[in-house]
Every structure is written in C-alpha cells, then in structure tokens.
Amino acid sequence: MKLTLLINRALIECEAEPTARLLDVLREQGYLSAKSGGCVRGECGACTVLMDGKPVNSCMFLAVQAQGHFLETVEARGDNPQQGWKRSTGFDAIQQAFIESGSVQCGYCTPAMILAARALLASNPNPTEQKVREALSGVLCRCTAYVKPVQAVLKAAELMRAEPGASTGSTKEEPRMVDLDEIPATLTVGKSETKVDAAKLVQGNPAFTADLHLAGTLHAKVLRSPVAHARILSINVEKARALPGVAAVLTWQDIPRVIYSTAGQSDPIPGPLDMVSLDNKVRFVGDRVAFVAAETSQIAEEALGLIEVAYEELPAIIDMRDAMRPGAVQIHDEPDYVNFDKSDPSQNLAAEIRIDIGSVEKGFAEADRIFEQEYVVPKVQQAHIEPHVTLTYWDEDDRLVIRTSTQVPFHVRRQMAPVLGLPVKRIRVVKPRIGGGFGNKQEVLIEDVAAHLTIVTGRPVLYEMSREEEFIASRSRHPMRVRMKTGVKLDGTITANEMKVLSDTGAYGCHALTVTGNTGQKSMGLYVGDGEYRKSPNIRFHADIVYTNTPPSGAYRGYGVPQGYWPLERHMEHIARALGVDPLEFRIKNTLRPGEYQPFSTAWNEGREPSPEIVETVGLTECVRQGARAIGWAEKFGNPVWHSVPGKPHLRRGIGVATVMQGTAIPYLDMGGASIKINDDGSFNLLVGATDLGTGSDTVLAQMAAEVLGVGVGDVVVYSSDTDFTPFDKGAYASSTTYISGTAVVKAAKEVARQIRQRAVMLFADQGLEVEADKVLLRDGCAWAPDGKSVTLAEIALDALHHRKQEQIMAVASYVSPSSPPPFAAQFATVLVDTGTGQVTVEELIMAVDGGVIMNPVAAAGQIEGGIAQALGYGVCEEMVYDPHGQPREKDLVDYHIFRADEMPAIETIFVQTYEKTHPFGAKAVAEIPLDGAAPAIGNAVLDACGAEIFNNPITPEKVWKALHDINKTEVG
Amino acid sequence: MKTEKMSYIRPTSLEELKQAIANVRSYALLAGGGSAKPGVDVRLLVDTQALGLDQANWDGQNLKVGGLATLSQLGHSLSHLQDFGQTLAIESGLNVRNTLSLSNWLSMAAGRSPVLCGLRALDARVKMFITGRELTLEEFLRCQLQIDDTLVGELEIPATRPFAFESVGRTPLDLPILCVGVSEVEPGKYRIAVGGPDMLLPVLNLEGYENSGEAEIRRLLKTSDDQWASAGYRQDLGATLLARCLQKCIQQASNKETR
C-alpha cells in the first residue's frame with residue numbers, strides 16, 4: 001500500500017506492506033540510524049525514533065500507524081561541520097557532547113541515546129542525573145555502563161541553557177591518573193583525543209554491515225533444532241522450495257561436508273575440528289538444520305515452517321558432570337572429527353589441561369591449614385546490541401565478498417576458504433563498523449550461511465541473527481565447576497594453590513582449550529606465595545573441558561579469566577578472614593611482584609611451546625592503595641556503624657575487594673600489521689588490519705602514528721580491516737590491539753618519518769641549509785631544522801609526489817611480541833543487602849587499574865566502565881539456564897537482564913600508570929581486565945555485609961536468603 | 001501470519017470499526033489493540049489510533065484511561081501513587097512504556113508483570129470497546145477473548161486508595177522474582193495481588209488490622225516453584241513483602257487522616 005510519512009519535516013511517500021514495521025520502512029527509505037537489535041519485545045531500543053517528540057521503538061510500530069505523526073531520526077540533527085562549500089551548522093549540542101565526552105563506543109545505540117536525550121531536554125532543560133537516567137532507560141548499551149552518555153546529556157543541557165558564547169568548561173571528565181613510574185612527555189599519546197569514528201556514529205551514518213543495501217539482496221534464515229541431540233532421519237524441503245519468493249533451501253545433503261572450527265584463531269587452530277556447515281546430526285537446541293534464502297525475511301521465515309524434519313532423538317547430556325561418566329552418549333561420533341592435543345570425542349572430552357608448577361603436594365604438607373571449596377560459574381552471554389550479521393555477494397570479478405560484523409576478518413577469510421570451496425584469493429572480507437562483539441564475533445559463526453546461499457543463488461544474501469538466535473545459537477562464556485584447594489601458613493603465606501576445573505564447551509569445542517587454559521594462567525598465576533615460596537611457587541591447574549548438548553561456549557571478553565577469579569578471589573577472602581588477616585594485606589603479601597616470572601609462562605602457552613617471561617611492571621600494590629582510599633576502605637571495613645542503616649535493621653552494608661591480573665596479547669603468535677602513506681596535503685592514510693569493535697583502537701592507533709609523525713590525530717585517516725587492502729592482523733582479541741597492532745603502527749610510522757626527514761633534508765638544502773636527517777624534528781605538521789627553519793609536511797608530500805625523484809612516502813610494518821606483560825587491577829565494591837529478602841543492591845564499584853601508560857584516558861576509562869558493567873551482571877543477574885531437555889530459559893533481553901541506565905551503581909576508574917618497556921609508549925592492555933574483579937568483589941562485600949557465603953555466581957536474592965538461613969540454622973544448632 | 005490481499009483502514013468511530021470488520025471478523029488485525037490468531041490470514045488491518053481511546057479522565061474516585069493510552073500515560077495519571085511508578089519502572093524502559101498501548105500490553109501481560117500486579121491490587125475494571133462488555137481485571141485475564149473483541153476501550157482504576165508495592169528481583173529494575181501490591185479498599189480491608197511467578201495467582205482479600213496475612217500468602221505461594229525461584233523462598237519473601245506493604249498502607253492512611 002502507499003504510505004505517506006512525515007520524517008524529519010519532509011513528506012515521504014513510499015510503498016509498503018500494511019504489516020511492515022516502521023523500522024523496516026525507515027531503513028528502506030534510507031533512515032539507517034534506526035538499528036535492529038533483533039529483539040521482539042522492544043527491549044533493546046536501538047531502533048528508537050521520536051514520534052511526536054517522544055522516544056518510541058520503531059520495531060514495535062507498524063509503518064501505517066506512523067502516518068499523521070511527526071517522526072524524527074538522528075539524521076535530522078546536526079551534521080559534520082566540514083561540508084565542502086556547503087554551509088553547515090555543525091553537530092547539535094547533544095551530538096557534540098557525545099563526541100567530546102567519549103560516550104561513543106561501538107556506536108550502535110548512540111543515535112537512539114541522542115534522540116532519547118533530545119526528547120528529555122526539549123521538555124526539561126535542566127534535568128537531574130536521575131531524570132537523564134530515566135530518559136535513557138529505554139536504550140540498552142553494553143559498552144559504556146551509561147557513565148559517559150549520562151555525563152554527555154547533562155553537559156549538553158548545560159550548553160543548551162548557556163548564553164551564546166558563554167564558557168561551560170570541558171565536556172570530558174578525565175579519570176584519576178596516578179603515575180607509578182616516570183612517564184615520558186608526549187603530545188598526542190596519553191591525551192584524551194576525540195575518537196576518530198565518533199562523528200559518523202553520532203550522525204547515524206550507514207557504517208554497519210546491514211546498512212549497505214544492494215539491489216536484489218536475498219534474506220537468509222536458519223532452521224534450528226528443537227531438540228538437544230538427534231540424528232536427522234529425513235528432511236523434506238519441497239514445500240519450502242515451492243513457496244513463491246524462496247530462492248534456495250539448503251540442507252546437509254546439498255553442500256560439501258568440510259570439517260572446521262568456528263573459533264577465529266591463528267593457524268593452526270588450537271582446538272578440535274568438529275563442526276560442519278550443515279550436518280545430519282543436531283547437538284543442541286538451536287543447532288543448524290537448514291538454510292533458506294528468500295526475497296523477504298518474512299517469506300524466509302514462512303519457508304522455515306514448511307520444512308519437514310524427522311528426528312531420531314538421542315540421549316542428551318545437559319549437566320557437564322555427566323559428560324565423562326561411563327556409558328555417556330557420545331556427542332561427536334563423526335568419523336571426520338579432527339583431534340587436537342588431548343581431545344578425545346569417545347569420552348566427550350574436547351580438551352584436557354594438566355599444569356603443575358613446583359610441587360603442590362610439598363606445599364600442602366608444609367601448610368598450617370588447608371582450605372578447600374567448590375565454586376560454580378554460569379554460562380553468560382556477550383549480549384552485544386548489534387546481532388551477528390553478514391552480507392555476501394559476488395563482485396564484478398566473481399570474487400566472493402563477505403561484508404561481516406567480525407572481530408577477525410583475516411581468520412574469516414582463511415577459515416571460510418575450504419568450507420566454501422574457494423581459494424583464499426577469491427574471497428574478500430570487509431569489516432565495517434561493529435556494533436559490539438565482546439568475543440562473540442571472534443567466531444566465524446554465520447559467514448558460511450550467507451556465503452553458501454550466495455554461491456547457490458548467485459545473489460547477494462543478508463543474514464542477520466535474531467536476538468533469540470543470539471541466545472540459543474551463538475557463543476557464550478564457558479560455565480565451569482571449579483574446586484579450589486589452598487595451603488597457607490598461619491602468617492598468611494600461601495604454600496600451595498590448586499585449581500581443578502570441569503569446563504563445559506557445549507556442543508562444539510571452539511576455544512575449549514584456550515579459554516580454559518586462560519582461566520588458570522591468568523588467575524592462578526597471580527598468587528605465588530611469599531618468602532621462599534615466591535621464588536618457587538607451588539601451583540596446580542588441571543582442567544577437563546567436556547562436550548554437552550548445550551549451545552557452544554566460546555570467547556567472551558576476559559576469555560576464561562573471570563571464571564578463574566570468581567573462585568580464586570572468593571577463596572582468598574575466605575582464607576584471609578579465617579586466618580584473621582586483613583584481606584588487603586593478605587593479597588599484597590602473596591601476589592606477583594616486579595621481576596618475577598609469570599609462573600604459567602614457564603609451563604603453558606595456549607597449546608604451544610611455553611615462553612618463560614619475567615613480569616617487569618606490577619602496579620598492583622598501588623592499585624590496592626588507590627582503590628582503598630577512593631572507596632574509603634579504612635573508614636568502612638570492620639566499622640559496625642557504617643555497616644548498619646539507622647532505622648532499618650534489615651539492611652546491612654558491606655565492602656569487598658578483589659585483585660586481578662590479565663594478559664596483553666599472545667606472545668610469539670599473534671601478529672599485527674600496518675601501512676602508512678602520505679597524501680598531497682601532508683595528511684596520512686593509516687591502514688590497519690586491526691578491528692575496532694567500539695574499543696577506540698582506531699583512535700589509539702591514530703594517536704600513536706600521529707605522535708611519531710608530528711601531526712594531529714585529525715591528519716591520520718584510519719581505515720581498518722579489509723582483507724584486500726589492509727595488512728594482515730590477527731584481529732581484535734586477547735587485549736592485543738594497542739600492544740601488538742600499535743607497535744606495528746609505530747614501526748611503520750617511524751619508517752615513514754625517516755623518509756619524510758630525508759625529503760626534508762632535500763628541501764632544506766634548496767634553502768642552502770645543510771641538515772642531518774636525524775636532527776630533523778617532526779612536529780605540528782612540519783619538519784623542523786635545528787635552527788628553527790621548517791618545511792610543512794604538505795610541501796614535503798608535494799615534492800615527493802609531484803616535483804622531483806617522485807616516490808610514495810610510505811611504509812608497511814608488522815609486529816609479533818615475545819612478551820605478554822600483564823595488566824593488574826584492584827576492584828572494590830560496596831553493597832546494600834536486604835537480609836529480609838536477600839536482595840543485593842550494588843552501590844559503588846571502583847577499579848584501580850595498572851594498564852601501563854594509558855594511551856587515551858577517557859577512552860580507556862570507557863573501556864573499564866563498560867567492562868565493569870558486564871562484570872556486575874556476571875555478579876548479580878546474568879546466567880543462561882537450561883531445563884533437563886536442554887531447552888533454554890533465556891531467549892531475550894527481558895529474561896536475560898542486562899543493567900539499564902536507571903539502575904546502575906556509581907562507577908569510578910583510577911589509572912595507576914607504570915611504564916612497560918616492551919611497548920613503544922609504555923602501554924599494556926585495559927580492555928578485558930574490568931571483567932575479572934567485580935563479581936568476586938561483590939561476593940566478598942555481601943559476605944562482609946551479612947555473613948552470607950555464596951559459592952555460585954550470580955548472587956541472586958534466593959542464594960543470599962538461603963545462605964542466611966543456613967547461618968541461622970547453624971547458630972540455632 | 002499470511003498477509004496476502006490485505007487492506008487497511010483507520011476508523012474514527014465505533015460504528016465505522018464495526019462496519020469495517022463485519023465481514024472479516026476473524027481475519028482482522030486490530031493494530032494497537034490486539035492480535036489476530038497466529039496462523040490466520042489477515043485480510044484487514046485496522047489501525048485503532050483514531051478512535052479517541054487515548055484519553056485519561058477522573059470520574060470521582062476512579063481514573064478512566066482509554067485502552068490506547070500508553071503505559072507512560074498511565075504512569076502520569078497515577079503519579080500520585082508513588083509506588084505505582086515503581087511498577088512501571090520495573091515493567092520496562094521508557095521507550096516501551098511510550099510505545100505500548102494498555103490494550104496491547106494487557107493482551108500480553110502475565111504473572112511476572114509488576115504493573116499487572118499493581119492494577120490487580122487496585123481492582124481495576126476493563127471495558128471492551130467493540131462489545132461494550134465490562135469485566136473485572138480478574139475476569140479479563142481469565143477469559144478467552146473473542147477475536148473481534150480484543151480491543152480494550154477503557155480501564156477504570158479506583159486510584160485514590162492507599163496503595164503499596166514491593167518487589168524483589170536480581171537487580172533494582174529486573175522483573176520481579178516476587179512482587180506484592182496492596183490497596184486498602186476500605187479501612188482495615190486490603191486487596192492483595194502477588195506477581196512474579198509465571199502463573200497468575202489469585203488475589204487475596206484481607207480483613208482486620210490484626211491479620212498479618214502471612215498464613216494466607218504462604219498458602220498462596222505454596223506451589224509457586226518455577227524456573228525463577230523455589231516456592232519456599234517465595235513464601236518467605238511473600239510474607240516479608242506483604243508486611244512491608246501493609247505497613248506502608250497504614251502509614252499512608254494515617255498521613256491522610258492527619259492531613
């Protein structure tokens with residue numbers, strides 16, 4: 001039918017089905033700032049538009065209903081001030097505040113937040129923080145913890161209220177910085193530069209995978225298994241194929257069987273090959289059964305319902321403890337299964353790890369007391385707001401283009417080539433903007449679906465997962481059962497520390513070995529003991545990683561380490577309290593110090609040869625000191641007055657801590673590359689294979705290049721991740737981009753700088769000035785001779801490109817590191833526990849982080865804040881639960897609750913800067929460490945508040961209630 | 001849902017609506033006010049927004065809210081009931097509250113809904129638009145609506161009574177594991193709704209200030225085990241939350257008297 005919509009003050013006439021959603025019509029008409037989060041109950045809010053000035057979800061309205069209303073999208077707001085000859089009013093105050101405050105991370109929900117803010121400020125120009133939070137409550141953000149967006153809206157309100165020209169101060173709120181080492185002065189690095197990608201994202205520019213509309217694009221859907229374990233006896237697709245508008249239906253009988261792993265990792269994949277695109281067996285509820293491509297997604301959905309499948313159901317393993325029991329059904333009995341290391345499908349064993357450092361038996365024998373306890377950590381979801389999405393098409397040279405929301409474009413190309421029957425050279429992978437990934441897009445998860453359908457139809461195919469599919473069929477954090485055994489002297493010296501893990505990889509073994517190895521390496525490596533034990537620690541880490549008939553686990557920010565720190569830091573708290581030792585002192589006494597080996601580096605390296613490594617920078621003690629001061633540890637810990645709430649005897653306050661360590665990149669393995677070339681105006685193109693998934697890595701890499709080249713960040717144009725154009729990079733994982741890719745950028749920039757200096761020498765010579773190249777200083781866009789004369793980089797570029805001895809000033813460099821210097825952090829929490837109901841309210845989370853020298857403090861603080869919010873969910877509410885038949889409880893972002901803006905606790909970040917000499921600017925990593933400490937710190941705070949000892953996260957009200965009842969029973973007994 | 005040959009209307013009156021759906025009763029989808037049966041061919045899409053059902057008015061002690069008013073409008077109208085705002089905040093974020101009509105929301109509301117718990121405690125009544133049928137909210141929730149009678153015309157809420165609400169979830173604004181809504185129908189007479197479990201639990205009526213209601217709410221929650229909580233926990237929680245709600249209601253009544 002014909003529709004007339006009033007969008008951004010323009011009347012738009014278009015054709016649409018009566019039941020077409022407003023979101024879809026807006027996007028078809030080019031208003032691409034409204035995004036799909038794949039949800040059906042409107043819970044994510046990424047599709048927000050203003051209707052008659054109010055924020056509503058365009059996915060919940062039919063387009064016809066919007067007729068007669070005034071619609072506004074973010075395209076109507078301001079725009080980039082640089083419009084060529086056209087005059088522009090520039091960004092509006094809200095957009096500007098979002099840019100300057102560092103509010104933009106992945107940017108997927110940013111237009112929605114800006115619109116929500118606009119609606120608020122139109123009716124309330126001077127809102128309180130709580131009102132801002134309520135206004136943003138309809139938009140879920142997984143990156144920012146809402147800290148900076150709330151700051152941005154308050155600042156925008158201030159700007160909008162101010163008289164024209166009045167000074168309102170900076171929008172940026174810098175985190176507190178404490179320098180432990182001397183940090184060399186820099187001009188660009190270490191400054192909170194505005195993100196290079198913020199401008200496009202506040203305008204809602206078509207930056208994401210699904211924003212590219214190609215004529216003739218088909219829409220893909222996947223038929224998924226309703227049962228947890230079964231053989232497919234038959235599939236009848238005749239009716240589906242006959243449905244008008246269906247272009248292709250594929251089953252296991254239609255495509256070649258190629259065994260592979262979906263884990264996006266360097267070659268060789270450190271895990272079993274146990275997956276095919278489509279199989280004649282299903283291994284979890286949500287496993288793939290058939291692919292459909294159709295003219296519309298509605299037709300594709302309808303076709304799924306016409307496919308008839310006969311299953312022979314098999315016994316299913318849902319509880320990981322059943323996987324290796326004698327007689328257990330074998331989940332992977334396919335003959336083409338390819339083992340890695342100690343995987344053994346006959347035992348449902350995807351991987352096995354046995355690490356023994358020193359002798360725990362000796363350490364236990366020397367201990368005064370031994371503490372043992374089992375802990376359980378749940379399966380949780382990354383919950384990035386942009387779902388997995390891939391667009392595939394044949395280009396004009398008949399090469400397959402895979403435009404995909406991935407963290408690992410080069411791994412996608414390499415790993416997909418055999419699956420699709422194409423050589424690597426016939427595939428181009430393009431990574432546009434990513435709307436969050438958090439490890440879930442380190443998986444080569446759906447590229448094959450769209451690609452197979454493009455191959456069979458010859459047409460572009462778009463496959464975008466629904467929110468339900470994200471829950472039932474993507475990846476998640478490995479759930480584990482962890483048994484701790486620790487020997488200690490009465491003075492608090494750890495003599496031996498043992499962690500035994502049963503880890504559940506789900507139906508496929510992607511990341512099974514490496515995630516679980518990190519569980520031990522980065523948690524158990526922190527506690528080495530004291531005195532003689534410090535020189536020769538006794539540590540054991542044993543793990544069995546088993547298959548079950550649940551959705552596969554995989555990579556999730558933190559990569560196994562949060563699973564280690566929940567048990568470890570709860571256990572350490574328990575020991576410190578049992579010994580009567582101050583929890584902070586106990587931790588400082590036993591943790592790693594500068595100049596000591598990371599003990600696990602002597603024994604394990606993700607399935608490869610270990611490379612012993614001494615840790616040079618450890619700012620942990622200072623982190624503890626700074627965090628303790630900020631949260632008021634001295635005033636609160638052990639203070640009965642602070643713990644109680646006057647007039648409310650059922651409320652108790654508590655304070656807790658956790659100390660943590662992560663890693664920075666994978667040594668001797670993962671490589672990053674960069675190329676830099678100069679342009680006519682003295683600006684530079686920086687091409688990197690690294691993938692910015694909202695972390696700000698494009699900005700940080702530009703800062704490093706700018707620092708070396710003596711220009712502003714605005715003179716470095718970053719383009720990342722296109723396998724045809726950018727150098728190889730392993731991708732965004734293992735907290736490696738700043739460290740590995742950054743070093744590659746610096747190497748390339750130094751070579752470009754060398755060429756610039758040589759050319760400057762020629763230009764100085766034209767002026768009769770003799771200058772040695774290494775005496776030329778690059779700064780402020782110029783090359784400076786020692787006597788103060790200068791030539792601009794534009795002059796140098798024009799000379800090199802056009803005038804004489806023409807050459808392209810450019811360089812390519814790559815870097816692989818022999819080191820993996822760990823970042824450290826101290827996480828503090830305060831909570832309020834209702835002992836009558838068990839409800840826990842987290843009031844404050846403060847993290848002091850040693851991430852080396854911080855390249856961009858505001859952006860790094862955003863990383864910490866967002867990570868803490870995810871860890872907060874891990875602590876109190878997030879988990880994926882299955883019934884005995886493997887049916888999931890959580891299928892959307894209502895039942896799987898992630899924190900909203902209007903319920904967040906206060907969050908603060910402190911950076912303790914150490915100078916890590918293995919990086920050109922002293923950096924270590926910050927992206928993953930905030931995931932590690934919040935849950936155990938909250939657990940310890942709950943214990944402090946009311947004595948409730950919770951061994952299994954998340955700390956739900958019922959668990960607290962039960963623990964309190966157990967205490968009461970014990971006391972009564 | 002098949003959508004072949006679908007036509008669209010936006011009626012402005014009940015008569016126009018009735019006329020439009022007369023021949024396609026079970027094939028009409030009332031957008032904004034209810035859904036067609038799954039799998040049924042939809043031949044007529046009826047956009048209900050011009051029917052004037054988005055108003056809120058006070059009629060003596062009762063608030064009358066049109067079925068196409070949004071949850072946000074309901075919140076504004078009941079802003080004097082402090083605890084009712086909490087039910088809405090927990091129910092959903094602002095966008096959904098701005099988007100969902102009461103009619104649409106009621107067609108989906110279930111046991112876990114805090115707003116439903118609040119409205120049940122307040123003893124809201126429902127008037128269907130097309131048939132003019134009047135039902136208590138309890139009757140509405142339990143009846144099988146006819147396909148051509150899914151549009152709620154009006155919700156009538158006795159909203160000047162003392163009202164209290166308490167909820168426990170995993171986070172401050174997570175859907176409740178258990179929530180309790182209480183309104184004081186008459187002095188010393190309380191109407192108690194309990195939400196949180198997937199299943200819809202009967203409303204309790206409590207009489208007399210000396211009755212804590214603990215035994216009744218424990219009995220009510222005896223078999224409330226589901227995937228979110230055990231019955232034992234909910235029983236304890238129910239008793240605690242009910243006591244807090246009653247305390248609040250007494251306080252409100254006392255404040256009212258003082259004024």
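By convention in this document, chain letters (A, B, ...) are assigned in the order of the sequence lines, proteins followed by strands, and residues within each chain are numbered from 1.
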Holding to ring pair (Phe, Tyr, Trp, His ring centres under 6.0 Å), I want the full list of residues that pass it with B:F129, two or more places apart in sequence or in another chain.
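Expected list: none.
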
Closest non-hydrogen atom pair, [X] against [Y]:
| X | Y | result |
| --- | --- | --- |
| A:P957 | B:G169 | CG-O, 3.3 Å |
| A:H650 | B:R244 | CD2-NH2, 3.0 Å |
| A:E958 | B:W228 | OE1-O, 4.3 Å |

For [X], which atoms come within 4.5 Å of any heavy atom of chain A: side chain, backbone, both, or neither?
| X | result |
| --- | --- |
| B:S230 | both |
| B:L237 | side chain |
| B:L44 | neither |
| B:R234 | neither |
| B:L241 | side chain |
| B:T240 | side chain |

Pick from A:D834, A:L136, A:V840, A:V842 with the largest number of heavy-atom pairs that fall under 4.5 Å of chain B
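Of the options given, most contacts go to A:D834.
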
Leading residue by heavy atom contact count with chain B [cutoff under 4.5 Å; candidates A:G138, A:G42, A:A119, A:G45]
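It is A:G138.
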
With a 4.5 Å limit on heavy-atom distance, are the side chains of A:K54 and B:L94 in contact?
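Sidechains of B:L94 and A:K54: no contact.
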
In the structure I gave you, are the side-chain heavy atoms of A:E17 and B:M6 within less than 4.5 Å of one another anywhere?
no

Check whether any side-chain N or O of [X] sits under 3.5 Å from a backbone N or O of [Y] as a donor-acceptor pair, and report yes or no.
| X | Y | answer |
| --- | --- | --- |
| B:Q227 | A:R889 | no |
| A:Q839 | B:R170 | no |
| B:Y233 | A:T837 | yes |

Give me the contact list for residues 896-903 of chain A versus chain B, heavy atoms only, anything under 4.5 Å, ordered by residue number.
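Within residues 896-903 of chain A, near chain B: A:H897, A:F899, A:R900, A:D902, A:E903.
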
Proximity of residues 870-887 of chain A to chain B, residues having a non-hydrogen atom under 4.5 angstrom
A:V876, A:C877

Segment of A:E134 engaging chain B (4.5 angstrom heavy-atom cut-off)
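Contact with chain B: backbone only.
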
Can you tell which part of A:Q298 gets under 4.5 Å to a heavy atom of chain B, answering side chain, backbone, both or neither?
neither

Single hit among B:N98, B:L100, B:V96 for side-chain contact (heavy atoms from CB on, under 4.5 Å) with A:N57
B:V96

Counting heavy-atom pairs closer than 4.5 Å to chain A, which one of B:P172, B:A89, B:A229 comes out on top?
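Most heavy-atom pairs within the cutoff with chain A belong to B:P172.
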
Largest heavy-atom contact set with chain A, pairs under 4.5 Å, which of B:T70, B:V168, B:T171, B:D47
B:T171

Within residues 76-87 of chain B, which residues come under 4.5 Å of chain A, heavy atom to heavy atom?
none

Please round to the nearest 0.5 Å and tell me the distance separating atom OG1 of B:T99 and atom CE of A:M51.
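With rounding to 0.5 Å, OG1 (B:T99) is 8.0 Å from CE (A:M51).
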
Using the rule given for side-chain hydrogen bond (donor to acceptor under 3.5 Å, both in side chains), can you reason through B:N95 versus A:T48, listing the C-alpha separation, both sets of side-chain angles and the distance that settles it, and then say yes or no?
CA-CA 8 Å; B:N95 289 18; A:T48 299; 2.6 Å; yes

So does A:D895 pair up with B:R112, basic N to acidic O under 4.0 Å?
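Yes, A:D895 and B:R112 are salt-bridged.
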
